[in-house]
Structure formats: C-alpha cells, structure tokens
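Presented below is the structure to which this report refers.
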Amino acid sequence: MEFADTLNALVYLLNKGVLNAAKIGSIYALGAVGITLIFGILRFAHFAHGDMMTFGALSAFFGTLWLRQQGINIEPIPTGLLALPVAALVTVGLALLIDRSVYAHFRAQKSPPVVFVMTSIGVTFILQGVIRLIGGTGDRQFFFTLVENGERLREDKARLLFDFEWLSEHFDGFAQKIVITAPQLALFVFTAVALFGLHRFLTRTRLGKGMRAVSDNEDLARISGIDVGKVVLFTWIIGGTLAAIAGTLLAMDTQYKPILAFNLLLPMFAAAIMGGVGKPFGAVAGAFIVGLAETFAVFDWRVVYNFLVPDEMHAATALALVPAEYKLAVPFVILVLVLIWRPTGIFRGQVL
Amino acid sequence: MSLLLEARGLVGGYGELTILHGCDLTVEAGRISVIVGANGAGKSTAMKAIFGLLPLREGSITFAGEDIVGRTPQELVALGMGYVPQMANVFPTLQVEENLEMGAFIAPDRVARGLERVYSIFPALQEKRRQPAGELSGGQRQMVAVGRALMMEPQLLMLDEPTAGLSPKVMRDIFDIILKVNEADVGVLMVEQNARQALEIADTGFVLGTGRNLYVDTGEALLADPEVARSFLGKRD
Ligand SMILES: Nc1ncnc2c1ncn2[C@@H]1O[C@H](COP(=O)(O)OP(=O)(O)O)[C@@H](O)[C@H]1O
Ligand SMILES: [Mg+2]
C-alpha cells in the first residue's frame, strides 16, 4: 500500500462522508432549531414544519423563475439565492397566517397539547395540497435553461473545485477531487451565520431573553410583563425564515419535489428531541449527530477499503452497514433509543 | 389614610368551581397587609384574581384609585404592581441577571437603575449574576423572584408565601428584606404560612377561610385575639 492510496482514502472519506454529513446536518439543524423553538414557546410538536420548508423552496423557485425572466442576476450568485429573501418573507407570512387563523384559536381556548398536535397534522395535509395546487406534482430544477424569443439562456451550478494539485504532484497515484457547489457553500455559510445570529439574539437582546423566559415559564413571563404575543410572533418569524432557507438550499442542491419534506421530518424531530426539546443549540448538536449517523450508516466503505488493501483483496460488492434504502430507519432508531434512555435529550430539555 | 389597593367582594374561581366567596383585601399606601388562613382557603386564588390572572364573577378592585378589573398583568406591571407567585417564581435556565431584566421587560430604559437597586438590596445576587437561577438555593431563588418583581420600582409588592420551605434563619432574612423594601414606602400584600411572624410585621391582617374574610384587624389585634390564636396561630412558642 502506498502513501498516496492512504491520502486517496482520506480525501474520499472527507468528500463523500464528512461533507455529505455536514450538508444534511446543516439542513436538519436549520429545521430542528425552528421545531424546538416552537415546541419550547408554543408547547406543541409542529408537524407542518417540513411542509413549511417545501413551501419556502417552492416560493424560491417561482422567485427564481421570475428573476430569470426579467433578466435580473448578479454574477456569480445563483439566482435562487437572490430569490431567497422573498421566499423567506412569503414563508413567514404563511406561518403567521396559519398561526392567526388556526393555532391562535386553540390558544385562546387553552386547548390541551394533543389538540395542537392533531391540528398541526391537519395543517400538514392542507399545506401538502396547497403546495401541489400551486406548484404541481412534478419535480423542478433550480438551474434550468430558459427559452426566450428562441434564445436559450442557461444557468449552471457554479462550483468550487479542489483538485489538490500540489498533492498529486508529490504523491504519484493521488487523484481525488472535492467539488463544492454554490448552493452547498451557501448552505454552510447561511447555517453558520444564522446559528451565530440566533445565539446572539437569544442571549443578548431583550426579546431573545424574553423568548427564553416564555420557554421556561409562560405564566411567570406574563406576570413579569413580557409581551407573550410578540414572543410568539418572533418565534414564527425565526422558524419560518430558517425553514425557507433550509428548504430552498436543499432544493437548489438537489431539486424541488413536492415531497421534499417527507424525508426530513423524522430526522429533524429526532435531532430536536435528542438535543433536549426547547434547546436550540441542543437541536443543532442533535442535527449533526443524526446527519453523521445517517451518512455513515449507509456509507459504502468499498472505495476506501479498496484503496487500503492489495489488489487481490479488493471488494466487488457494497460494504455498507445499512442498505441505502433503509436510510430513514437510522433517525428512527436514534429517536427510539433516545426516548428509551434519555427522553429529556442530551441537554435536558422539556419532556414531550 | 388612602388605600393603595382596595379589593371588595371578590367572587371567582376556576371554571365552574367558585373559590372566592366575597372576600375583601386592602393595602394602605406604604403599609404591610398580611393574608393568613388554612391551606386551600383561597389565599393564592385571591392574589391571582387581583393580578388579573383569574376572571372575576363579581367584585371591584382599584389600585391607586384606578379600576383594574380586567387589566392584563402587563398593564398592572406598568401601573406599579409587582407579583411574586407561590410556585415556580424564577426562570430556571435564565441567569440571575437575566431573570431580573425580565422584571423590567416593558421598560428597557429602567433596567440599569432597577439592577442597581436590586443588587443593593440583595448583594448576594450580584456575585451570582451569571449563574442560572435554577442552580440557586431556595433562599437565593426567592431573592431573585422578589428582585424581579422590584425591578420596576412598584408601589405595591404582592408576595405569595415567600418563606415556604425555607429554614428559620433564611425566613428571618426574607422578612428583614420585606421590611427594608417597605421602608422605601412600597406597599406589601403578603400571604404567609408562618402566621405569627407575619402578623408581627403586619399593619393589617386578613384571616381567610373558604374564600371569605373570617377576621380583619391590625396585626397586633389579631395576635392578641384568643379566638384567632387558637384556630390559626398554633401554640405560642
Ligand atoms: N388551577 C386550579 N384549578 C382548579 N382548582 C384550583 C386551582 N388552583 C387551586 N385550586 C383550588 O382552589 C382552592 C384554593 O386554593 P388556593 O387559593 O391555592 O389556596 P391557598 O393558597 O389558600 O392554600 C383549593 O381547593 C384548590 O384545590
Ligand atoms: Mg397558596
């Protein structure tokens, strides 16, 4: 075995393993933070969160289409990112509309949590219908070719290529590349900025501290004079914005699908519960743990293995812990294990 | 003597269940009123009713001459009332100082002055200002709770069993603090299980039973009343 092959294996592992885990972990984190904030403050499991992400992605798609038709662009930023602010605004608007017209009614009646959970499941179904009604049942690409007056206008996914030229010059046989696309880069940057900003907001601002206070003890918050209505409003603004960002960036990285949220809801809830419900940064930790576990459970170790063993020992079939079709079972198993061993999560949140 | 708080004929409860059957509660400006009575007499319920947390079926409540029936807690805080409930009266995951800041949520410009005042009353809290309130001892938690209610410099401080579960020494500390706060002309309406000690510092005492006033008099007179002593104060120590 040559040193170049060890390098090959390491870089491959970083590219297909760690980077993928970070990517899906970031998506889960942006969603799980919203879920955990909503749970902490409104005290119910918001099952419609995944569809809010889908809705955000769909709004961004229509925004992108419009901007492309108007010929508006800022090189080299993908048009989808330009549409993101509007998508976030529309998603927040939808969240507030649902809150005012549905959840506020049950809050006024002081309904028990189970009523809210059932209501949020109902909202999920309505949203899924609305999403298909507006966006159709098909998939949509964020990077498409626009035909206008017979002219074909392409937009391609900008990408950063790391080919490690220096390494391949020095180590004969090293031939790995890492490609990070613009949506992936945006995802990492947005996640870092959003989570840092959220932390500052929750620990440094009056309203942020008020949010944590309501999450701790709503009655005492009212008695103290905290404007609980405003706290609820900001919970939806933050949750809706993060959902729109996550949905859009995921759709830009892959594609928009009406069932975009389907594979997200379970891992995001697993992350929120694992992190301790009501604890935003617990949810972030949970999200990356779920992302890593999921990625490495279905990770095909064959390439890495073949780099590291002599040719005659090469494996011909996939070497994965769990077949890729069972990927969704991983967060499910994590969720079950957490609920059995530590239902308050690793950071001791509220009990569901 | 002008009445800072005047609650008359309170009738109310939880849903269909009526707990308050027409009790009166008053506090003179800058004085201390104490409510005593058996468990379940409706003392906490009366406090909640005054602080707008319980819909009233009948009765009137005025604060500094103003009708406050139907006002939200937020409005009452702005008017100059502070309330420390009996249970769960701190934000456990918030730091001590953040707990205090929440007391002046409606008026951010008063946070600095409020903190200065609260730390001068409770120097022990200043040392613990960055610690989550949930990690404090019972006595210190009670100080945070009282401090939070004092942040807006209220004219009336309402305390529901501030010494429950505390050692006799800490109980005396809390009573000393209440007296100190009262010296600055803050009216106090306090529910207490330690009836004898509480009535000793009371200008007016209310003995409540099943949501009604059983006895109303000065603290001194209630302590001297053999009837009250026999049923509510236990044996003299
Ligand atoms: N949230 C509530 N819902 C229904 N009944 C209550 C509630 N809180 C208190 N009660 C009842 O009201 C009565 C008076 O309670 P409370 O005012 O707490 O008494 P005290 O403070 O004098 O010990 C009790 O019988 C109690 O069981
Ligand atoms: Mg009580």
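Proteins get letters first, then strands, A, B, ... in listed order; numbering begins at 1 in each.
- Applying the side chain to side chain contact (heavy atoms under 4.5 Å, CB included) criterion to B:Glu127, with sequence neighbours excluded, gives no partner residue.
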- Task: Dump the intermediate steps for side-chain contact (heavy atoms from CB on, under 4.5 Å) on A:Leu220 and B:Met102, then the final yes or no.
- Result: CA-CA 10 Å; A:Leu220 186 62; B:Met102 292 302 105; over 6 Å; no
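- If you measure heavy-atom distances from A:Asp227 to chain B, the contacts under 4.5 Å come from both the backbone and the side chain.
- If you take OG1 on B:Thr93 and CG on A:Asn217, they are separated by 10.5 Å, rounding to the nearest 0.5 Å.
- Closest of all the heavy-atom pairs between B:Leu94 and A:Arg212 is CD1-CB, 3.6 Å.
- Of the two parts of B:Val111, neither the backbone nor the side chain holds a non-hydrogen atom closer than 4.5 Å to a non-hydrogen atom of chain A.
- The heavy-atom pair separating B:Pro85 from A:Ile223 by the smallest distance is CG-CD1, 3.9 Å.
- More than 12 heavy atoms of other shown residues, nucleotides or ligands fall within 6.0 angstrom of atom OH in B:Tyr14.
- In terms of heavy-atom pairs under 4.5 angstrom with chain B, the leader among A:Ala221, A:Gly210, A:Ser224 is A:Ser224.
- Here the CG-CG distance, from A:Asp219 to B:Leu53, works out to 7.5 Å after rounding to the nearest 0.5 Å.
- The interface of residues 196-206 of chain A with chain B, defined by heavy-atom distances below 4.5 Å, comprises A:Thr203, A:Arg206.
- Within the structure, salt bridge (charged side-chain N to carboxylate O under 4.0 Å, His left out) pairs that include any residue of residues 23-32 of chain A comprise A:Lys23-A:Asp253 (at least two apart or interchain).
- Only the side chain of B:Phe51 has a heavy atom closer than 4.5 Å to any heavy atom of chain A.
- Close approach to chain A, defined as a heavy atom under 4.5 Å from one of its heavy atoms, is seen in no residue of residues 116-123 of chain B.
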